[in-house]
Amino acid sequence: MNLFADIRSAVIEALDAMVAAGALPAGLDMTAVAVEPPRDAAHGDMATNAAMVLAKPAALAPRAIAEDLAARLAADPRLTHAEVAGPGFINLRLAPSVWQAVVQTALRAGADFGRSTLGQGQRVNVEFVSANPTGPMHVGHTRGAVFGDALAALLAFSGHDVTREYYINDGGAQVDVLARSAYERYREANGLEPEIREGLYPGDYLIPVGEALKAKYGASLLDQPESVWLEDIRSFATEAMMAMIRDDLALLGVKMDVFSSEKALYGTGQIEAAIETLRGMGLIYDGVLEPPKGKTPEDWEPREQTLFRSTAHGDDVDRPVKKSDGSWTYFAPDIAYHYNKVQRGFDALIDVFGADHGGYVKRMKAAVSALSGGRVPLDIKLIQLVKLWKNGAPFKMSKRAGTFVTLRDVVEQAGADVTRFVMLTRKNDAALDFDFDKVLDQSKDNPVFYVQYAHARISSVLRKAVEAGVAVDDATLAGQDLTGLTHPAELQLARKIAEWPRLVEIAAKSNEPHRVAFYLYELASDLHSLWNRGNDDSTLRFVQEGDATTTQAKIALARATGVVISAGLAILGVTPVEEMR
RNA sequence: GGCCCCGUAGCUCAGGGGAUAGAGCGACCGCCUCCUAAGCGGUAGGUCGCAGGUUCGAAUCCUGCCGGGGCCGCCA
């Protein structure tokens with residue numbers, strides 16, 4: 001399915017033949033042999049570095065290896081040229097029939113074109129969002145949600161068994177604050193003046209929670225001490241917040257497989273068990289940390305704490321798991337939670353965190369490394385800030401001023417498709433500008449519409465063909481003779497389609513779904529380019545009046561492009577449009 | 001002070017150790033009697049922050065420095 005991998009196999013076979021013929025020594029490590037698209041298209045369709053990589057271990061001149069290898073490769077019917085160039089590259093040019101066959105492959109595979117078994121069914125847990133259940137999701141969570149969901153889809157497409165998981169931080173002090181805030185709204189619902197003291201959550205979103213509490217408890221909790229109502233209201237409010245967050249996620253089209261509760265770890269011995277497991281490895285001890293160098297906090301005083309020897313697994317300092325009063329730090333349940341994920345049998349873990357959690361990466365990796373005996377890799381993807389722009393100026397957010405922008409605000413203004421695509425137009429670790437004016441702009445300046453427009457144009461020619469009485473169902477197109485597709489612009493588009501399976505593999509290996517968005521932009525560009533050539537050269541139009549056979553061949557190419565665009569958009573969670581009028 | 005991320009064209013950013021480093025925007029010059037011009041073609045624009053190192057080969061890997069951002073025991 002991956003043409004680059006196919007040709008690489010041919011290169012390896014030719015190298016093996018050279019070994020058999022005594023032209024190369026036996027036992028060479030060929031893992032570094034690559035077949036890639038050259039940076040400069042003038043160099044051909046593909047290039048291999050085999051001669052340069054093998055020159056040293058074989059103790060031969062790169063050009064000597066290259067000449068021999070190129071001669072052998074030239075015998076492959078798929079290759080029209082195999083030439084030595086530069087310091088020892090072999091530039092390969094593929095026969096048009098190869099590219100034409102790719103179009104047919106794409107049409108036959110449909111939405112599965114590019115799907116691979118790379119992951120070999122490995123069970124991967126992608127934990128993302130995990131927003132505190134204390135309020136609605138804001139724009140920063142949105143990027144993490146889109147990223148995590150697209151990454152999960154990408155990994156699933158690449159043959160992994162993926163679990164999307166949300167960790168509910170419902171065990172810490174912040175949910176007590178939520179409960180107290182909700183209690184004030186409950187008092188308000190009963191006609192009393194709420195006291196939203198400093199440190200409580202002032203948001204309006206708790207007003208309906210207060211009313212719901214009144215409906216449930218009437219006036220029975222008024223003037224009662226906190227000890228009476230805290231636990232009940234906390235769980236009530238937390239559930240209400242999670243319901244809201246689920247709604248927010250649904251707006252974006254994100255569906256979690258598992259919600260895990262921090263609170264559920266307490267009182268069940270899971271935290272203790274995780275810590276004891278570490279203790280059994282000699283990684284837990286009581287000690288006093290050094291103060292941070294340079295900037296010692298004013299109130300610093302040495303205190304004995306229970307520490308995790310994370311330095312044994314790559315961290316810079318050991319980390320406390322218990323506060324000086326003996327209660328757990330937030331890190332302890334995190335350890336237990338990750339231990340839980342390891343015990344559930346995942347082969348790999350991925351955490352998607354906000355960039356402000358960058359300081360926890362090493363300790364979390366240390367914990368997973370220790371608790372899994374190094375068996376389970378943990379990759380932590382940090383999501384950088386989203387800077388909002390509106391009317392040409394940065395949009396300042398402030399929780400206190402009530403101007404922070406929620407996920408709902410963004411999706412209601414921009415739409416889920418636009419929001420998702422734009423959020424993936426940057427690497428996860430680069431800051432992203434989200435400009436409310438630009439994301440809705442319907443021009444080529446907006447990558448979302450550029451890609452959608454390409455898909456719409458493809459749908460348009462399909463409709464035109466049907467109007468002209470030409471059969472353009474996928475089965476007909478896939479069986480079509482495509483030998484007429486020989487124009488450079490047509491072959492260029494076919495080449496781009498051929499890159500899709502390889503792109504998916506690269507993106508999946510690096511956990512970088514943004515690569516899909518960039519690829520789709522390039523693919524759309526090649527489609528638009530070919531389309532416009534039809535203006536100057538009418539033989540390049542997809543619909544050829546009075547020539548059903550040629551029309552079908554050209555539309556096969558267009559349709560294959562559409563198949564890849566919709567497959568790519570599906571990974572990003574974006575719906576392809578059929579028309580844009 | 002330590003750790004993490006970033007530094008690539010005027011701007012916003014791609015770029016898995018490969019050749020003469022790319023795209024979009026902005027600038028300039030062109031293209032609709034015709035499948036959607038919501039688009040396309042072309043020109044100009046670079047010491048890939050700096051200096052070393054590894055390598056046949058470095059924007060890419062390593063070290064040090066410079067600049068920007070983030071984080072740094074008893075908040076999650």
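Throughout, protein chains are lettered first and strands after them, A, B, ... in sequence-line order, and every chain is numbered starting at 1.
Scanning RNA chain B for stems, defined as runs of 3 or more consecutive Watson-Crick or G-U wobble pairs whose donor-acceptor distances all fall under 3.5 Å, gives the following ranges: B:1-7 with B:66-72, B:10-13 with B:22-25, B:27-31 with B:39-43, B:49-53 with B:61-65.
Base orientation of B:C61: anti, since the glycosidic angle falls outside 90° of 0.
When the side-chain nitrogen and oxygen atoms of A:K323 are compared with OP1 and OP2 of B:C75, one or more of them lie within a distance under 4.0 Å. Dashed line: the shortest gap from a side-chain N or O of A:R457 to OP1 or OP2 of B:A37 is under 4.0 Å. Under 4.0 angstrom from either OP1 or OP2 of B:U55 there lies no side-chain N or O belonging to A:K56. Considering only side-chain N and O atoms, A:S460 lies nowhere under 4.0 angstrom from the phosphate OP1 or OP2 of B:C35.
Nucleotide B:C75 holds its C1' atom 18 Å from the CH2 atom of A:W328, rounded to whole Å. Rounded to whole Å, the distance from CG on A:L385 to P on B:C5 is 16 Å. One atom, CG of A:D445, and another, C1' of B:A37, lie 14 Å apart when rounded to the nearest Å. Rounded to an integer number of Å, the gap from A:F353 CZ to B:C5 P is 16 Å. Rounded to an integer number of Å, the gap from A:W531 CH2 to B:U36 C1' is 6 Å. At whole-Å resolution of the value, CG in A:N428 and P in B:C6 are 9 Å apart. Rounded to an integer number of Å, the gap from A:Q384 CD to B:C6 P is 9 Å. We find that OH of A:Y450 is positioned 9 Å from P of B:C25, with the value rounded to whole Å.
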Criterion side-chain hydrogen bond (donor to acceptor under 3.5 Å, both in side chains) on A:H528 and A:R457, from CA distance to verdict: CA-CA 9 Å; A:H528 289 309; A:R457 279 181 150 176; 3.0 Å; yes
Would A:D170 and A:S261 satisfy side-chain hydrogen bond (donor to acceptor under 3.5 Å, both in side chains), going step by step from the backbone distance to the final call? CA-CA 7 Å; A:D170 55 1; A:S261 160; 2.8 Å; yes
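Across all strands shown, A:S443 has heavy atoms under 4.0 Å from sugar-phosphate atoms exclusively, and none from any base. A:Q442 comes within 4.0 angstrom of a base, heavy atoms only. Across all strands, A:Q452 comes closer than 4.0 Å to no nucleic acid atom at all (heavy-atom distances). Among the protein residues, A:V361 comes within range of no part of the nucleic acid, since none of its heavy atoms lies under 4.0 Å from any strand. Across all strands shown, A:R319 has no heavy atoms under 4.0 Å from either base or sugar-phosphate atoms. Using a 4.0 Å heavy-atom distance criterion, A:A456 is classed as a base contact.
A 6.0 Å sphere centred on CD of A:E304 holds more than 12 heavy atoms belonging to other residues, nucleotides or ligands.
Nucleotides B:G7 and B:A44 place their C1' atoms 25 Å apart, quoted to the nearest Å. Here, B:U43 and B:G22 have their P atoms 13 Å apart, quoted to the whole Å. Separation of the P atoms belonging to B:A59 and B:U8 is 15 Å when rounded to the nearest angstrom. Between B:C62 and B:C5, the two P atoms lie 10 Å apart (nearest whole Å). Comparing the P positions of B:U12 and B:A19 gives a spacing of 26 Å, expressed to the nearest Å. Rounded to whole Å, the separation between the C1' atoms of B:A23 and B:G15 comes to 10 Å. B:C48 and B:C61: their C1' atoms are spaced 16 Å apart (whole Å). When the P atom is compared between B:U54 and B:U60, the two are found 15 Å apart, to the nearest whole Å.
Aromatic ring centroids of A:F436 and A:F434 lie under 6.0 Å apart. No close placement of the A:F147 and A:F128 rings is indicated, their centers lying 6.0 Å or farther apart.
RNA chain B is contacted by both A:S529 and A:K427; A:K427 maps to the nucleotide lying nearer its 5′ end (nearest heavy atom per residue). Both A:A431 and A:G172 sit near RNA chain B, but only A:A431 has its closest nucleotide nearer the 5' end.
For A:R495, the salt bridge (Lys or Arg N to Asp or Glu O under 4.0 Å) partners are A:D45, not counting sequence neighbours.
The CE atom of A:M52 lies 9.0 Å from the CD1 atom of A:I90; values are rounded to the nearest 0.5 Å. Taking CZ from A:F4 and CG from A:L503, the interatomic distance works out to 10.0 Å, rounded to the nearest 0.5 Å. Once rounded to the nearest 0.5 Å, the distance linking CG of A:N2 with CG of A:L118 reads 10.0 Å. Atom OG in A:S529 sits 12.0 Å away from atom NZ in A:K496 (nearest 0.5 Å). A:D315 contributes atom CG, which lies 11.0 Å from atom CE of A:M364 (distance to the nearest 0.5 angstrom).
A donor-acceptor contact shorter than 3.5 Å is absent between the side chain of A:E512 and the backbone of A:A507. A donor-acceptor pair under 3.5 Å is absent between the side-chain atoms of A:N91 and the main chain of A:E83, judged by distance alone. Side-chain atoms of A:E165 never come within 3.5 Å of backbone atoms of A:S130 as a donor-acceptor pair (strictly under, hydrogens ignored).
Of the listed residues (A:L485, A:V543, A:V461, A:L530), just one forms a side-chain contact (heavy atoms from CB on, under 4.5 Å) with A:K554, and that residue is A:L485.
Contacts between residues 513-526 of chain A and RNA chain B, defined by a heavy-atom separation under 4.0 Å, are made by A:H514, A:R515, A:F518, A:Y521. At a non-hydrogen distance threshold of 4.0 Å, A:K464 from residues 463-472 of chain A come into contact with RNA chain B.
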Under 3.5 Å, which protein N or O atoms sit close to an N or O of nucleotides 17-19 of chain B? Give each pair with its distance.
| residue | atom | partner | partner atom | Å |
| --- | --- | --- | --- | --- |
| B:A19 | OP1 | A:R39 | NH2 | 2.4 |
| B:A19 | OP2 | A:R39 | NE | 2.7 |
| B:A19 | OP2 | A:R39 | NH2 | 2.5 |
| B:A19 | N6 | A:N91 | OD1 | 2.5 |
| B:A19 | N1 | A:N91 | OD1 | 2.9 |
| B:A19 | N1 | A:N91 | ND2 | 3.1 |

Could you pull out all donor-acceptor pairs under 3.5 Å where a side-chain atom in residues 421-433 of chain A meets a protein atom, sequence neighbours excluded?
| residue | atom | partner | partner atom | Å |
| --- | --- | --- | --- | --- |
| A:T425 | OG1 | A:V422 | O | 2.6 |
| A:N428 | ND2 | A:L382 | O | 3.0 |
| A:D433 | OD1 | A:W389 | NE1 | 3.2 |

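Summarising the geometry of A:E127 relative to A:Y337, their closest heavy-atom pair is OE1-CE2, 3.3 Å, with the distance given to 0.1 Å.
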